[in-house]
Amino acid sequence: MLKKSYSQCNYNCEENNIEVYFEYNNSVVFDTVREARDDFNDYKCKELSVITRCELEQNSNLLEINRYSRIDNLIIQGIITFFTGSSLTVYHSTTKVNSITPIEYEKQDIHLKINGVDYSKDLIIILERLKQEPKLIITLLDRWRKAIYLKEESCDADLYHDEATLSFFHILELFGESIATELKNKLKTNIENMLYDYFNSYYFEEEKKKVMVRQNKKSINSLLIGNHLNLSIKIKFFLEKYKLLDDNVAFFIDNIIKVRNEIAHGRRTYQEVFLWPLPPFFSMSKNSYENVKFLSFLSAEMISKYIGISCWEKEWNEVKYFLMPPNHIISDFLEKKLVIDNFNYNMLVLGNKYNITWRTLFNYYVKKPEKKTREYMEVATKVAFINTLIDENNAPDVFNMSIIFTDSDDLDIKQKAIENVKTIISNNWYGWSNFKDAYIYLDYYSVKVAWYEDFLLNQKYL
């Protein structure tokens with residue numbers, strides 16, 4: 001005979017301004033009136049309470065409730081984490097009560113409000129989708145929650161960035177596999193249509209044409225598609241299906257697959273130069289901070305689109321502005337083969353459809369620090385660079401580009417670059433914690449900046 005049992009688990013939620021109530025499976029979650037403080041991280045918390053009803057065998061210990069209630073708790077933690085963007089885990093649990101008598105609570109309408117923004121409709125949709133496709137949706141939310149937790153626990157020291165990258169990438173792999181059959185069918189249809197077009201040239205009758213297509217399509221499918229679809233293609237097909245794919249996103253996917261392979265399959269991690277904050281271990285990949293940041297927003301938007309909600313759309317559209325354009329796009333721009341409609345030098349600050357800005361040009365040069373590259377940049381951007389008026393908002397990106405241009409052979413560019421560097425340093429507008437960190441960063445990537453090195457060594461900033 002089974003006996004009804006109940007558990008109540010309270011959590012400190014980092015998102016202090018949250019109002020929530022919903023029921024899931026055998027559980028209910030709601031915010032309490034109590035506010036707490038996380039002693040370790042020193043921030044205010046909002047207390048969330050999860051009450052779960054279980055049925056235990058008569059001879060079972062009351063502690064068994066913890067085992068039976070764990071599944072609901074993990075799923076609820078995933079839902080809350082996805083909406084707040086801050087991890088909620090068993091480690092955030094403060095109190096736990098197990099009882100054989102019902103635990104009282106006030107029944108409410110489903111709602112979720114965070115920092116004054118109402119996500120109730122999105123919450124209702126996600127709860128409905130959990131009923132329709134529980135295994136995949138739960139896996140996606142849990143992978144994302146774990147990756148966010150690892151990102152937060154890295155403590156700004158790159159501690160778990162490799163592991164967080166793999167967890168985020170797992171989401172991309174899951175989505176790639178989810179549409180693999182659809183993609184393969186699309187490719188087969190395209191091949192069949194191509195064969196029909198081909199055999200049209202033979203002036204066969206319709207039945208003869210069908211026979212020829214049927215005889216040849218299997219071997220063509222085997223040749224062009226094979227048994228396994230490329231992971232990059234599958235991920236990009238998913239992104240295209242949900243209107244998330246463009247050249248910059250595709251370029252990011254290609255790069256992050258390389259990063260993922262380096263982490264997953266291992267490579268030598270020895271390096272001689274480090275950046276602040278100093279990591280506790282040798283890192284598997286450079287740019288781990290940027291990779292993890294982009295992956296967190298992209299994977300969140302992919303999950304949102306798949307579920308049918310829009311809670312991460314605004315954040316993704318904002319961070320997408322900082323994605324690197326493909327190398328060939330920047331090369332075409334520098335060689336004046338790329339035409340940007342109504343281009344003016346303010347676009348290198350405010351942005352354009354190709355994401356060609358001072359920031360992305362600087363990052364492009366850092367990965368390819370050749371004199372020829374710098375000279376192409378100087379020719380393509382001279383008018384814009386000399387005429388850009390510095391202010392507190394554009395100064396960080398202009399500062400980085402100016403450091404590169406201080407070694408220019410063009411005296412107009414060199415003079416403007418030196419003037420920019422000195423002005424930005426005097427106003428503390430450089431964007432780094434210390435303006436010397438820019439040199440450390442460039443040294444990390446083996447980028448030589450002779451003028452700036454001399455400027456620092458001789459303390460000409462004093």
Side-chain angles (χ1 to χ4, degrees), residues 156 272-278 286-287 289-290 321-325 330-331 333-334 343-352 354-462:
D156 292 327
E272 294 182 343
V273 181
F274 291 90
L275 295 175
W276 295 101
L278 300 177
K286 292 186 176 182
N287 302 320
Y289 286 91
E290 286 194 358
Y321 166 73
F322 299 106
L323 282 174
M324 283 293 295
I330 296 184
S331 288
F333 171 76
L334 297 180
F343 179 77
N344 61 75
Y345 58 79
N346 282 326
M347 284 187 176
L348 294 176
V349 174
L350 301 175
N352 48 75
Y354 296 104
N355 276 18
I356 296 177
T357 62
W358 294 123
R359 180 189 296 254
T360 54
L361 288 173
F362 172 77
N363 289 333
Y364 176 80
Y365 180 78
V366 167
K367 305 302 187 299
K368 193 178 180 181
E370 300 170 359
K371 184 178 180 181
K372 183 179 179 181
T373 303
R374 194 195 71 221
E375 289 173 346
Y376 272 122
M377 285 185 174
E378 292 168 2
V379 172
T381 67
K382 178 175 180 177
V383 175
F385 182 71
I386 290 175
N387 287 282
T388 296
L389 299 176
I390 302 171
D391 59 39
E392 190 170 358
N393 293 323
N394 66 30
D397 292 333
V398 174
F399 177 72
N400 292 338
M401 203 70 244
S402 296
I403 291 174
I404 303 301
F405 283 168
T406 54
D407 287 338
S408 175
D409 294 327
D410 185 313
L411 294 181
D412 292 333
I413 292 177
K414 184 181 185 73
Q415 181 179 347
K416 177 64 174 176
I418 292 172
E419 178 187 318
N420 286 347
V421 168
K422 291 179 178 179
T423 300
I424 292 170
I425 289 176
S426 66
N427 285 286
N428 295 323
W429 287 347
Y430 33 79
W432 303 86
S433 58
N434 186 305
F435 61 86
K436 298 175 184 178
D437 290 346
Y439 176 79
I440 296 171
Y441 177 83
L442 292 170
D443 184 48
Y444 180 70
Y445 285 99
S446 302
V447 180
K448 302 302 180 185
V449 279
W451 182 91
Y452 195 60
E453 181 180 14
D454 178 72
F455 176 77
L456 296 178
L457 286 174
N458 292 291
Q459 299 184 328
K460 294 180 181 179
Y461 49 85
L462 295 178

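The first residue in the sequence is number 1, and the count goes up from there.
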Which value, rounded to the nearest 0.5 Å, describes the distance between [X] atom [atom1] and [Y] atom [atom2]?
X      : Y      : atom1 : atom2 : value
Ile413 : Thr381 : CD1   : OG1   : 6.0 Å
Ser402 : Lys416 : OG    : NZ    : 8.0 Å
Leu348 : Leu350 : CG    : CG    : 9.5 Å
Thr373 : Glu378 : OG1   : CD    : 11.0 Å
Asn352 : Asn346 : CG    : CG    : 11.5 Å
Phe435 : Phe399 : CZ    : CZ    : 7.5 Å

### Query
Does a donor on one side chain sit under 3.5 Å from an acceptor on the other, for Ser331 and Tyr364?
yes

### Message
Could you tell me if Trp432 and Asn400 have a donor-acceptor pair between their side chains, going purely by distance under 3.5 Å?
### Response
yes

### Task
Apply the test side-chain contact (heavy atoms from CB on, under 4.5 Å) to residues Met401 and Asp397: give CA-CA distance (whole Å), side-chain angles for both, the deciding distance (0.1 Å), then the verdict.
CA-CA 6 Å; Met401 203 70 244; Asp397 292 333; over 6 Å; no

### Asp410/Lys382 salt bridge by N-O under 4.0 Å criterion
yes

### Query
Are Arg374 and Glu370 close enough for a salt bridge, meaning some N to O gap below 4.0 Å?
no

#### Entry: side-chain contact (heavy atoms from CB on, under 4.5 Å) evaluation trace for Thr357 with Val349
CA-CA 6 Å; Thr357 62; Val349 174; over 6 Å; no

### Query
Should Tyr441 and Val366 be marked as a side-chain contact (heavy atoms from CB on, under 4.5 Å) after you check the CA-CA gap, both sets of side-chain angles, and the distance that decides it?
CA-CA 9 Å; Tyr441 177 83; Val366 167; 4.3 Å; yes

Hey, does [Y] have a side-chain heavy atom less than 4.5 Å from the side chain of [X]?
X      : Y      : answer
Asn427 : Glu392 : no
Met377 : Phe405 : yes
Ile404 : Leu442 : yes

Any side-chain to backbone donor/acceptor pair from [X] onto [Y]? Under 3.5 Å, distance only.
X      : Y      : value
Ser426 : Thr423 : yes
Asn355 : Thr360 : no
Asn434 : Lys436 : yes

### salt bridge (charged side-chain N to carboxylate O under 4.0 Å, His left out) between Asp409 and Lys414, worked out
CA-CA 7 Å; Asp409 294 327; Lys414 184 181 185 73; over 6 Å; no

### Query
So does Gln415 have more than 12 non-hydrogen atoms from other groups sitting under 6.0 Å from CD?
no

